[in-house]
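Sharing a structure, written as structure tokens. Questions coming.
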Amino acid sequence: MASKIFFLFLLFLAHPLPNAFVNGDARLIKKTCRNTKYYSLCFSSLKSDPTSPNADPKGLAVIMIGIGMTNATSTSSYLSSKLLSPTNNTALKRVLKECADKYSYAGDALQASVQDLANEAYDYAYMHIAAAKDYPNACHNAFKGYPGLVYPLDLARREDGLKHICDVAMGIIDNLDW
């Protein structure tokens, strides 16, 4: 009898069920995301990351912060590429440069929050993410400072995306054991 149980155990190890260990991790992701402002964004982002099944709640926060860093870096690059477009509008170029810088600062702040999390300085991590969330406002306000400049719809979408990602990361950090 013991040899049959041992054989079944070995068989299970050799051919585990594909989702045998994932369901528990999906439960952690669901539980974690329920405590955030944007459940769907949180859940879909974390489920799509291949490292999330092995992550604890702090690791899930780091994954969301990484997504935010990607957004900020991508937006900064996008804005920098717009600077290369031929135009005589110096105000537009000035605002695009300021915005590219702000999104770069947002990425830097998010990077700092990862280090804060590693040091279990959750309050500082939260503060850095809040700063990253606010940098796009400075960009938006820069456009308002020049009558005639229209805030691009694509940039507004990117701004909202970064703010929502930051809200999710802050929601996860809110529920870590401080």
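Note that this is a predicted model, so its numbers are computed, not measured.
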Flag side-chain contact, heavy atom, 4.5 Å: Asp154 against Tyr78
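They are in side-chain contact.
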
How close do Val95 and Ala142 get, heavy atom to heavy atom, and via which atoms?
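Where Val95 meets Ala142 most closely, the heavy atoms are CG2-O, 3.8 Å.
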
Atom pair CG/NE2 of Asn71 and His164 - distance to nearest 0.5 Å:
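Result: 11.0 Å between the selected atoms.
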
Check against side chain to side chain contact (heavy atoms under 4.5 Å, CB included), Leu28 and Thr32
CA-CA 6 Å; Leu28 176 62; Thr32 301; 3.8 Å; yes

For the student: nearest non-hydrogen atoms of Ala169 and Ile129, plus distance
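Closest approach of Ala169 to Ile129: CB-CD1, 4.0 Å.
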
Any side-chain heavy atom of Pro57 sitting closer than 4.5 Å to one from Asn175?
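Sidechains of Asn175 and Pro57: no contact.
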
Side-chain contact, heavy-atom cut-off 4.5 Å: Asp167 with Thr36?
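They are not in contact (no side-chain heavy atoms under 4.5 Å apart), so the answer is no.
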
Sequence neighbours left out, what passes salt bridge (charged side-chain N to carboxylate O under 4.0 Å, His left out) with Lys163? Give chain and number order.
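By the salt bridge (charged side-chain N to carboxylate O under 4.0 Å, His left out) rule, Lys163 matches Glu159.
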
So do the side chains of Ser45 and Met64 get within less than 4.5 Å of each other, counting heavy atoms only?
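The answer is yes; the side chains approach within 4.5 Å.
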
Chi angles and distances behind the side chain to side chain contact (heavy atoms under 4.5 Å, CB included) call for Met170, Lys37
CA-CA 9 Å; Met170 289 188 298; Lys37 193 173 179 180; over 6 Å; no

Measure the spacing between OG of Ser48 and CG of Leu46 and express it to the nearest 0.5 Å.
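Ser48 atom OG to Leu46 atom CG measures 7.5 Å (nearest 0.5 Å).
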
How close do Ile63 and Ser52 get, counting heavy atoms only, and between which atoms?
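That would be CD1-CA, 3.7 Å.
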
Nearest-0.5 Å distance, OH of residue Tyr38 to OG of residue Ser44:
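Tyr38 atom OH to Ser44 atom OG measures 13.5 Å (nearest 0.5 Å).
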
Ignoring hydrogens, what is the shortest heavy-atom contact between Glu98 and Ala138? Give both atom names and the distance.
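Taking Glu98 first and Ala138 second, the nearest heavy atoms are OE2-O, 4.1 Å.
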
On a heavy-atom basis, which atom in Asn89 and which in Leu92 lie closest, and how many Å separate them?
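Residues Asn89 and Leu92, closest heavy atoms: OD1-N, 3.0 Å.
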
For Asn119 and Asp116, test the side chains for any donor-to-acceptor distance below 3.5 angstrom and give the result as yes or no.
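Checked: Asn119/Asp116 side chains show no N/O donor-acceptor pair below 3.5 Å.
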
For the side chain of Thr75 and the backbone of Ala72, is there at least one donor-acceptor N/O pair under 3.5 Å apart?
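It does not hold such a pair.
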
Using a cut-off of 6.0 Å, state whether more than 12 heavy atoms not belonging to Lys82 lie near its atom NZ.
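Open.
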
When the ring planes of Phe143 and Tyr151 are compared, do they come out parallel, tilted or perpendicular, using 30° and 60° as the limits?
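The rings of Phe143 and Tyr151 stand perpendicular, inter-plane angle above 60°.
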
Would you please say whether a donor-acceptor pair under 3.5 Å links the side chains of Thr51 and Asp49?
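Present: a donor and an acceptor within the cut-off.
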
Let me confirm one number: the CZ-SG distance from Arg34 to Cys42, rounded to the nearest 0.5 Å.
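That separation rounds to 11.0 Å.
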
Counting only heavy atoms not in Lys30 (residues, nucleotides, ligands), do more than 12 fall under 6.0 Å from its NZ?
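Atom NZ in Lys30 is not crowded, with 12 or fewer foreign heavy atoms closer than 6.0 Å.
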
Supply the atom-to-atom distance Lys93 NZ to Asn88 CG, rounded to the nearest 0.5 angstrom.
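Nearest 0.5 Å value for the NZ-CG distance: 9.0 Å.
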
Ignoring hydrogens and geometry, is there a side-chain-to-backbone donor-acceptor pair from Asn141 to Asn137 under 3.5 Å?
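Yes, Asn141 side chain to Asn137 backbone: donor-acceptor pair under 3.5 Å.
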
Can you sort out the partners of Tyr124 under ring-ring contact (aromatic ring centres under 6.0 Å, His included), two or more places apart, ordered by chain and number?
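Result, ring-ring contact (aromatic ring centres under 6.0 Å, His included) vs Tyr124: none returned.
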
Is the shortest side-chain heavy-atom distance between Ser113 and Met127 below 4.5 Å?
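No, too far: nothing below the 4.5 Å cut-off.
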
Give the minimum heavy-atom separation between Tyr146 and Ala91, together with the two atoms involved.
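Nearest pair, atom of Tyr146 first, then Ala91: CD2-CB, 3.6 Å.
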
Identified side chain to side chain contact (heavy atoms under 4.5 Å, CB included) partner of Ile65 from the options Ile165, Val168, Leu117, Ile172:
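One option only clears the test, and that one is Leu117.
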
So how far is it from Tyr122 OH to Asp174 CG, rounded to the nearest 0.5 Å?
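Rounded to the nearest 0.5 Å, the OH-CG separation comes to 13.0 Å.
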
Are Tyr135 and Leu79 in one and the same hydrophobic cluster, where Ile, Leu, Val, Met, Phe, Trp and Tyr link if side-chain heavy atoms are under 4.5 Å apart?
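Hydrophobic grouping puts Tyr135 apart from Leu79.
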
Please tabulate, for side-chain N and O atoms in residues 102-110, each donor-acceptor pair with protein atoms closer than 3.5 Å (sequence neighbours left out).
none

Show the numbers, then the answer: is there a side chain to side chain contact (heavy atoms under 4.5 Å, CB included) between Lys58 and Glu120?
CA-CA 9 Å; Lys58 185 174 20 173; Glu120 296 185 355; 3.6 Å; yes

